[in-house]
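Okay, structure first, notes after.
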Amino acid sequence: MSTATMTLFHNTASPFVRKVLVFLHETGQLDRVALETVALSPTSPNAAVIANNPAGKIPALRLADGALLHDSRVIVDYIDHQHVGEPLIPRDGASRWRRLTLASLADALLDAALLIRYETFSRPQEKHWADWLDGQQAKIIRALGEFEEAASAELASRFDVASIGVACALGYLDFRQPNLAWREQFPQLAAWYAEVSQRPSMLATQPPV
Ligand code: BEZ
């Protein structure tokens, strides 16, 4: 019998959903959440998702009392407060702000990658805006440069909000930009990712093939 008391609105292609799922795996709470798959795009919002979530975004987490949490930053914070182990988001001190800032940069990389995905996949080719696409791609490369600096010490030090965010961002790049060849330019990041991508939580949440 299912012990799930919460519902996660999700889609296996979403890197922000993946982040939430990795948090659930890493904190041993996967069985508390039932998954409800939703397909959505900027032009076709999903009625069940927008009912209590005007932005219509996933992931969204419905709690046992019916309250709805979004977005992924809020959900992972909630999940982190629901377990007794070592927090994956440091509660205070300088490490809290540094780890959250690295996580925020991973989200910014993902925002840029998703904008590129929407522009190139959803919009007709004659409407693509090349300079804008280049600007988003440059943001991704700058973020990878900072992660390269952080890879061997900061990212490798623990698998927490920062490392999970970066790992899910790299997974999404491999999924949607398989020709990017970022590993050649960022070898320390590549070595770190080769290791963390083998964690059970990452293997269990890979994007669809
Ligand atoms: C994708 O197909 O890349 C995607 C799907 C859902 C959410 C985010 C990204």
Side-chain angles (χ1 to χ4, degrees), residues 9-22 37-47 49-50 53-60 69-77 97-151 154-155 161-190 192-193 197 202 205-209:
F9 293 97
H10 88 121
N11 181 299
T12 51
S14 165
F16 294 108
V17 167
R18 187 179 191 189
K19 210 170 57 167
V20 169
L21 289 173
V22 172
T37 302
V38 289
L40 37 85
S41 80
T43 51
S44 59
N46 181 291
V49 179
I50 59 175
N53 172 4
K57 283 183 165 182
I58 56 167
L69 301 185
H70 59 83
D71 57 5
S72 65
R73 297 182 200 215
V74 177
I75 297 172
V76 299
D77 199 355
W97 310 116
R98 176 60 183 159
R99 303 309 282 188
L100 285 174
T101 298
L102 283 168
S104 169
L105 186 60
D107 282 352
L109 184 160
L110 281 175
D111 286 339
L114 257 92
L115 288 172
I116 291 171
R117 169 74 181 160
Y118 288 141
E119 178 80 358
T120 54
F121 181 75
S122 307
R123 287 190 105 200
Q125 182 140 21
E126 67 275 12
K127 292 188 175 161
H128 291 179
W129 181 5
D131 288 348
W132 183 85
L133 284 169
D134 289 348
Q136 299 304 330
Q137 197 65 36
K139 201 183 298 183
I140 290 173
I141 300 300
R142 288 197 301 272
L144 292 174
E146 178 149 339
F147 295 145
E148 173 75 0
E149 296 287 314
E154 284 185 293
L155 292 180
V161 66
S163 315
I164 291 171
V166 175
C168 291
L170 295 173
Y172 189 72
L173 281 185
D174 282 349
F175 176 46
R176 288 301 185 208
Q177 298 195 18
N179 299 323
L180 184 59
W182 60 268
R183 288 171 176 79
E184 291 156 23
Q185 205 178 337
F186 305 108
Q188 299 197 72
L189 188 58
W192 171 78
Y193 183 62
S197 60
M202 291 295 291
T205 59
Q206 292 181 78
V209 280

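We number each residue from 1, following the sequence as shown.
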- Look only at the side chain of Arg18 and the backbone of Thr205, and say whether a donor-acceptor pair between them is shorter than 3.5 Å. yes

- So, the side chain of Gln188 versus the backbone of Ala151: is there a donor-acceptor pair under 3.5 Å, distance only? no

- Side chains of Leu189 and Val166: closer than 4.5 Å at any heavy-atom pair? yes

- Message: Among residues at least two apart in sequence or on other chains, which ones pass side-chain contact (heavy atoms from CB on, under 4.5 Å) with Ala108?
- Response: none

- Query: Is Glu126 atom CD crowded by more than 12 heavy atoms from other residues, nucleotides or ligands, each under 6.0 Å away?
  - Reply: yes

- Would you check if Phe147 and Leu102 make a side-chain contact, meaning some heavy-atom pair closer than 4.5 Å? yes

- Task: Apply side-chain contact (heavy atoms from CB on, under 4.5 Å) to Leu100 and list each qualifying residue two or more places apart in sequence or on a separate chain.
- Result: Ile89, Arg96, Trp97, Val161

- Item | Atom pair CG (Leu170) and OH (Tyr193), whose distance is rounded to the nearest 0.5 Å | 6.0 Å

Under 3.5 Å, sequence neighbours excluded: what are the donor-acceptor pairs made by side chains of residues 172-179?
residue: Asp174; atom: OD1; partner: Trp182; partner atom: NE1; Å: 2.9
residue: Asp174; atom: OD1; partner: Arg183; partner atom: NH1; Å: 3.1
residue: Asp174; atom: OD2; partner: Arg183; partner atom: NH1; Å: 3.4
residue: Asp174; atom: OD2; partner: Arg183; partner atom: NH2; Å: 2.6
residue: Gln177; atom: OE1; partner: Gln137; partner atom: NE2; Å: 2.8
residue: Gln177; atom: NE2; partner: Gln137; partner atom: OE1; Å: 3.2

- Query: What are the two closest heavy atoms between Ile50 and Gly56, and how far apart are they?
  - Reply: CG2-CA, 3.3 Å

- Between Pro15 and Cys168 the two heavy atoms that sit nearest each other are O-CB, 4.0 Å

- Item | Intermediate values then yes/no, side chain to side chain donor-acceptor pair (under 3.5 Å), Thr120 and His128 | CA-CA 7 Å; Thr120 54; His128 291 179; 6.0 Å; no

- Nearest heavy-atom pair of Leu155 and Ser163: which atoms, and what distance? O-OG, 3.2 Å

- Task: Hey, could you give me the CG/CZ distance between Leu114 and Phe121, rounded to the nearest 0.5 Å?
- Result: 12.5 Å

- Here the pair of heavy atoms bringing Phe16 nearest to Ser72 is CD2-OG, 3.6 Å

- Message: For the CZ atom of Arg99 and the CD1 atom of Ile164, what is their distance to the nearest 0.5 Å?
- Response: 10.0 Å

- Message: Could you check whether any side-chain heavy atom of Leu109 comes within less than 4.5 Å of a side-chain heavy atom of Leu105, counting everything from C-beta outward?
- Response: no

- Message: Test of understanding: with side-chain contact (heavy atoms from CB on, under 4.5 Å), list the residues that count as partners of Glu149, not counting sequence neighbours.
- Response: none

- Query: Given side chains that start at C-beta, do those of Phe9 and Asn53 come closer than 4.5 Å, heavy atoms only?
  - Reply: no

- How far apart are the closest heavy atoms of Trp129 and Glu119, and which atoms are they? N-OE2, 3.0 Å

- Query: Is there a donor-acceptor pair under 3.5 Å between the side chain of Thr12 and the backbone N or O of Pro208?
  - Reply: no

- Kindly say whether Ala39 contributes a backbone atom to a donor-acceptor pair with the side chain of Asn11 at under 3.5 angstrom? no

- Message: Using the salt bridge (charged side-chain N to carboxylate O under 4.0 Å, His left out) criterion, which residues pair with Arg73? Sequence neighbours excluded.
- Response: Asp107

- Pairwise distance OG(Ser14) to CG(Leu21) - rounded to 0.5 angstrom: 9.0 Å

- Item | Pairing residues for Lys139 by the side-chain contact (heavy atoms from CB on, under 4.5 Å) criterion, not counting sequence neighbours | Ala112, Gln136, Arg142

- Would you say His10 and Ile58 make side-chain contact, with heavy atoms under 4.5 Å? no

- Task: Please report the closest heavy-atom contact between Met202 and Ala167, naming both atoms and the distance.
- Result: CE-CB, 3.6 Å

